[in-house]
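One structure is given here, and the rest of the page talks about it.
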Protein chains: 2
Amino acid sequence: MSDPTFAARPTLEEVAARAGVSRATASRVVNGSDGVRAPLVERVRAAVDELGYVPNQAARTLVTRRNGAVAVVVAEPETRFFADPFFAQQVRGISKELTAHDNQLVLLLTEGVADYERVGRYLAGGHVDGALIFSLHDDDSLPVMARKAGVATVIGGRPGWSDAEPGPTTLYVDCDNRGGARDAVRHLLNLGRRRIAHIAGPLDQTASIDRLDGFRDMLPHIDPGLIAEGDFTPEGGSLAMELLLERFPDLDAVFAASDMMASGALRVLRQRGLRVPQDVAVIGFDDIVSVAEWTDPPLTTIRQDIEEMGRMMARLLLRALEPSATPGAVSALTPIITPTQLVVRASA
Amino acid sequence: MSDPTFAARPTLEEVAARAGVSRATASRVVNGSDGVRAPLVERVRAAVDELGYVPNQAARTLVTRRNGAVAVVVAEPETRFFADPFFAQQVRGISKELTAHDNQLVLLLTEGVADYERVGRYLAGGHVDGALIFSLHDDDSLPVMARKAGVATVIGGRPGWSDAEPGPTTLYVDCDNRGGARDAVRHLLNLGRRRIAHIAGPLDQTASIDRLDGFRDMLPHIDPGLIAEGDFTPEGGSLAMELLLERFPDLDAVFAASDMMASGALRVLRQRGLRVPQDVAVIGFDDIVSVAEWTDPPLTTIRQDIEEMGRMMARLLLRALEPSATPGAVSALTPIITPTQLVVRASA
DNA sequence: ATGAAATAAGAGAGCGCTCTCACGCAACGC
DNA sequence: GCGTTGCGTGAGAGCGCTCTCTTATTTCAT
């Protein structure tokens, strides 16, 4: 009963027989191509319903060379994938967009370099039409692999390299990290803060670099000691905050490159008896609502529409997959930078 | 260049030609079936390497009726899937086990009932060999759908019904919620606590019910007012804690049905100036390390090995998929209940 | 009415693979 | 020596579908 091979699925042939047409015509109806007369369409539709026909994807793929599936590849060197709500939201966006276009999402989690080879094989095996890659570090070989495997690719976040060789540009979706960081610092400046520190993310990721650059844009002559590197986790934020406080007990504002780190910083500030925002103003980045709204005090932050970025990644990939996209490449197949937005709550 | 149809993959035929054998023999080598003489094996292997041959999954599926893919279906009525690290860890476990057996993970996220139909079609379409279902509420129709679609299924967590009709039992993996809850209460009792409250999870989920039952096992004559229903979120935990404190200002212990809710309860306790564990002992459930170790004070809790449960779900499904499993069903195709373990930290 | 053009439907090849079956050839017993 | 067994290999069918090409039918201009 539960044997998957048991339930004899009806084939197109049977549908055609029941409708009294040829397999070709049945196929035409099923695939919605026009040029079939109404009464026949009706009959085929009826047969499909009665038999409960569902096309066999494998057979279809075999001839069309299209899978209707997209891989989401996640490099997870530090078990961070799911821990960070960031990815989760992005995957949701991707999933929504993909299913809206009848594509499936194949999740490829990697752990360690051994898995990379497996992923490479999988991509090369033509199981999926394209790949959405989250590669956390800029020396990551995943995007290179995908390119070699010949699968269309969109990367989550600006990759760490710029296109050297001509040819198809590397497609990616990222938010305006630098601009967002500038907005954050500007807000602190407007608040009259003068001793502003920055808790950066890991500096081998472009998001961290870009946010740091934005910070520096506004404060060109800043003492480098006011910049501490974290790791996007609350603990990392705590550690960085402690370091900063030790170096500059008089600082009056902190811009953290993520909400997670900001929440860690908040904890340290509270322990030290420093009031937020009176003594030290704190501002985060991401606007992970479940974090930012629940810190004490609620976190002022830079919002990026993460789910929408996921959707855009999927949409971009789907566009790249369209046959028409391949030749001229005149269409708008370019990286996408989404805007950010300052969300003022209580912490700054 | 990025055209997926462009890269002309070598076929088995070509491999065979290059190795000077028949397609059948090449297939035998590729699939590792014995009965091929060593020198030929060598030659075919060489040809595979030189050509960079990767089997075409679609063609293979067409004849074997096996996809090498498993769907992970997640009902997400309240956007909870990723927010809760619980699922994330389980998915990791699943992913590991699946890839270890060369199976792919197809992620099916659902939002609202409209998606259910889509999922049903997909499962019925024979795209996957089996399904792992996380259905949060016991009236969920997802498992029923899967059964109707004839795909082997394993459910995450005890389903809310018991097998009425004979036939294949409903397979699921769950931890010993009831036993774990008993352990938690026993620990509090051993600590000398006498006024023990319970923050339950949503009572339309079996996990919540079972934990509540375990609580009651140890305290049969408890005042029902000492039980408050939460929703597995920190906020829900806070609300429940406030309610409980209002009803019983003298309570000296709280057993929360999840770490998330416990962390919310902790916050309220701190705000009220109640010391943990001196005034009120708190104990959670799940042992989400990133939460339990970082609360103030660190949380005593009941551990369940979530990742391992994910692995077991995958393993169980894979076993159910083996042809040998279908007929006699003599093998151990039964639900799995994993043990829990008390982890003592500072909060109780 | 007749032929050309347009349109609808069918026939059939073939996608790349697995697997059954038939065949060839060595080793064995009589 | 011949028939028998057994093992290794090849031939070929066929999985369910799409799509091109061909054939049948209709429409319209002449």
Side-chain angles (χ1 to χ4, degrees), chain A residues 4-45 47-48 51-69 102 124-127 129 323, chain B residues 4-45 47-48 51-69 102 124-127 129 323:
Chain A
T5 67
F6 183 77
R9 289 191 185 307
T11 70
L12 231 209
E13 192 78 55
E14 299 175 56
V15 171
R18 186 176 191 108
V21 299
S22 74
R23 187 159 24 88
T25 298
S27 173
R28 280 188 266 261
V29 173
V30 168
N31 293 294
S33 67
D34 46 353
V36 180
R37 252 190 280 265
L40 288 197
V41 172
E42 248 351 279
R43 273 176 23 218
V44 172
R45 290 244 170 88
V48 166
L51 262 32
Y53 170 77
V54 182
N56 180 318
Q57 183 64 29
R60 203 176 247 181
T61 296
L62 189 55
V63 26
T64 59
R65 272 117 202 305
R66 268 298 220 114
N67 295 83
D102 269 318
H127 297 86
D129 300 326
Chain B
T5 67
F6 182 78
R9 287 188 189 308
T11 70
L12 231 209
E13 191 77 55
E14 299 176 57
V15 171
R18 185 173 191 112
V21 299
S22 74
R23 189 161 20 90
T25 298
S27 172
R28 281 189 265 262
V29 173
V30 168
N31 292 295
S33 68
D34 45 355
V36 179
R37 252 189 280 265
L40 287 198
V41 172
E42 247 352 279
R43 264 161 47 204
V44 173
R45 290 245 171 85
V48 165
L51 262 31
Y53 170 77
V54 182
N56 180 318
Q57 182 64 30
R60 200 176 249 181
T61 297
L62 189 54
V63 27
T64 59
R65 274 119 198 305
R66 268 297 221 111
N67 294 81
D102 269 318
H127 297 87
D129 300 326

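Chain letters run A, B, ... following the sequence lines, proteins first, then strands; residues in each count from 1.
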What's touching nucleotides 4-6 of chain D from the protein side, N or O pairs under 3.5 Å?
none

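- Side-chain atoms of T25(A) do not come within 3.5 Å of backbone N or O of V21(A) as any donor-acceptor pair.
- Between the side chains of N56(A) and R65(B), no donor N or O sits under 3.5 Å from an acceptor N or O.
- Listed candidates were dG16(C), dC15(D), dC17(D). Nearest to the side chain of R65(B) is dC15(D).
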Any N/O pairs under 3.5 Å between the protein and nucleotides 23-27 of chain C? List them or say none.
none

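- Taking atom CG of L62(A) as the reference point, atom P of dG14(D) lies 17 Å away to the nearest angstrom.
- Taking side-chain N and O atoms only, R66(A) has no distance below 4.0 Å to OP1 or OP2 of dT18(D).
- Taking each heavy atom of A58(A) and L62(B) in turn, the nearest pair found is CB-N, 4.0 Å.
- Once rounded to the nearest 0.5 Å, the distance linking CG of D129(A) with OG1 of T64(A) reads 8.0 Å.
- Following rounding to the nearest Å, N67(B) (CG) and dC15(D) (P) show an atom-to-atom distance of 18 Å.
- Less than 4.0 Å separates DNA chain D from at least one heavy atom of each of the following residues of residues 52-59 of chain A: Y53(A), P55(A), N56(A), A59(A).
- Using a 4.5 Å cut-off on side-chain heavy atoms (C-beta onward), V15(A) and R18(A) make no contact.
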Under-3.5 Å N/O pairs linking protein and nucleotides 5-8 of chain C:
from: dA8(C); atom 1: O3'; to: R37(A); atom 2: NH2; distance (Å): 3.3

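- Under 3.5 Å, the side chains of R60(A) and N31(A) contain a donor-acceptor pair of N or O atoms.
- Contact annotation: the side chain of P55(B) approaches that of V30(B) to within less than 4.5 Å [non-hydrogen atoms, C-beta and beyond].
- Inter-residue side-chain proximity for R9(A) and V54(A) is flagged as unmet; no heavy-atom pair is nearer than 4.5 Å.
- For the pair E13(B) CD and dG10(D) P, the interatomic distance rounds to 12 Å; values are reported in whole Å.
- Between V29(B) and R45(B) the shortest side-chain heavy-atom distance falls below 4.5 Å.
- To the nearest 0.5 Å, atom OG of residue S22(B) and atom CD of residue E13(B) are 9.0 Å apart.
- Judged purely by atom type and a 3.5 angstrom limit, S27(B) has no side-chain atom pairing as donor or acceptor with the backbone of R23(B).
- A straight line from CG of L12(A) to P of dG10(C) spans 13 Å, rounded to a whole angstrom.
- When the P atom of dC17(C) is taken as reference, atom NE2 of H127(A) falls 11 Å away, rounded to whole Å.
- Across residues 19-27 of chain B, V21(B), S22(B), R23(B), A24(B), T25(B) each have a non-hydrogen atom less than 4.0 Å from an atom of DNA chain D (numbered order).
- Contact of R28(A) with dG10(C) (side chain to base): a donor-acceptor pair of N or O atoms is detected under 3.5 Å.
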What pairs of donor and acceptor atoms, side-chain ones from residues 35-44 of chain B against any protein atom, are under 3.5 angstrom apart with sequence neighbours left out?
from: R43(B); atom 1: NE; to: A19(B); atom 2: O; distance (Å): 3.1
from: R43(B); atom 1: NH2; to: A19(B); atom 2: O; distance (Å): 2.9

